[in-house]
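Per chain, numbering begins at 1; letters A, B, ... match sequence-line order.
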Amino acid sequence: MTSAENQHSIRAYYEALYRAWGPQHWWPARTRFEVIVGAYLTQNTSWKNVEIAVRRMRTAHLLSIDAIRTILLKKLEAVIRPAGYYRQKAERLKTFVAFVDHRYEGSLHRLFAQPTPQLREELLSLNGVGPETADSILLYAGQHPVFVADAYTRRIVERHGIASAETKYDELRELFERALGVVKPAKLRTESQEQETGFRPNPHSPSRMSQARRSPVVQIYNDMHGLIVAVGKHYCLKATPRCEGCPLQAFLF
DNA sequence: TTCCGGCCGG
DNA sequence: CCGGCGGGAA
């Protein structure tokens, strides 16, 4: 299967999933810092456990840079314990805050004002930040146009023959970014280009007002990842897939 | 008891 | 490239 055909398939997956389930409002409880916390806590961990830990952090008033900076490490460990791997995650959250303090004067605004490639490399240099965590922070906390190619993404496209086990993370991410549309800095997308790609923002979507300044590409990456998470959780299960009723079933060959 | 799922260090 | 890291829910 050619690269162009794979990109076309991924665009078709997005349209089928969006038609079936609509926008996902994925990662909804957002301050930016809460998104970052979630990106760390969800490493190799189910979202239910993360939600419990985040609720405990909110109750303890720990969902801010200032709070993580000053909280005792052992206390933070105890609060986030339901998320699992709580010792390394507590230390990594401390590491992130120290990084923002020293490099960006404690300002997430300054952090996310950096160009995407440089910021991505800086995040990847942090202990506890790999590709998926970095990209989740970039996309969901910073509104940078980066696709989060997580384990669900890989599982789905491998089972559909679009990628293999040898496909590297960045290859997978770039495949989705090419398929779903990258930002073109030289000139704005035209109406005819939007028609070619089939993108139709829904003016009555409840998400549109709260996401008013989000670029179309970021919107698509956000929705697509949320849709893929839904597929992975409910249909493309790890052990045995349940293809019956899956919006992507028709795309299996 | 099994299932689930990122990153690091040796 | 493997073992370790930890919990909640089925």
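For A/Y140 and A/H225, the ring centers sit closer than 6.0 Å to each other.
Rounded to an integer number of Å, the gap from CD of A/E91 to C1' of B/dC7 is 13 Å. The interatomic distance linking A/R55 (CZ) with C/dG7 (C1') rounds to 14 Å, in whole Å. When the C1' atom of C/dG8 is taken as reference, atom OH of A/Y85 falls 12 Å away, rounded to whole Å. Computed from coordinates, the A/L237 CG to B/dC4 P distance equals 7 Å when rounded to whole Å. Summarising the geometry, the separation between CZ on A/R242 and P on C/dA10 is reported as 15 Å, rounded to the nearest angstrom. In this structure, the CD atom of A/Q88 is 9 Å from the C1' atom of B/dG6, given to the nearest Å. Separating the CZ atom of A/R87 from the C1' atom of C/dG7 is a distance of 12 Å, rounded to the nearest angstrom. Rounding to whole angstrom units, NZ of residue A/K89 and P of C/dC5 are separated by 14 Å.
Here A/A239 lies in heavy-atom contact (under 4.0 Å) with sugar-phosphate atoms only. When heavy atoms are screened at a 4.0 angstrom cut-off, A/A83 is found touching base atoms of the nucleic acid. Contacts of A/L126 with the nucleic acid, taken as non-hydrogen atoms under 4.0 Å apart, involve only primed sugar atoms and P, OP1 or OP2. Looking at heavy-atom distances under 4.0 Å, A/Y40 makes no contact with the nucleic acid at all. When heavy atoms are screened at a 4.0 angstrom cut-off, A/R154 is found touching no nucleic acid atom at all.
Between A/R19 and A/E15 there is no salt bridge, since none of the side-chain N atoms of the basic residue sits less than 4.0 Å from a carboxylate O of the acidic one. A salt bridge does not link A/K94 to A/D101: none of the charged side-chain nitrogens sits closer than 4.0 Å to a carboxylate oxygen.
Which of B/dG6, C/dA9, B/dC4 sits closest to the side chain of A/R155 comes down to B/dC4. Ranking B/dC7, B/dC4, C/dG8 by closeness to the A/K238 side chain, first place goes to B/dC4. For A/I52, the listed nucleotide lying nearest its side chain is C/dA9; candidates were C/dA9, B/dG6, C/dG7.
Between A/G232 and A/N127, it is A/G232 whose nearest contact on DNA chain B lies nearer the 5' terminus. Residue-to-nucleotide proximity on DNA chain B shows that, of A/S125 and A/S46, the 5′-proximal contact is made by A/S46.
With hydrogens and angles left out, the side-chain atoms of A/Q219 and A/R214 include no donor and acceptor closer than 3.5 Å.
Side-chain atoms of A/R81 never come within 3.5 Å of backbone atoms of A/Y86 as a donor-acceptor pair (strictly under, hydrogens ignored).
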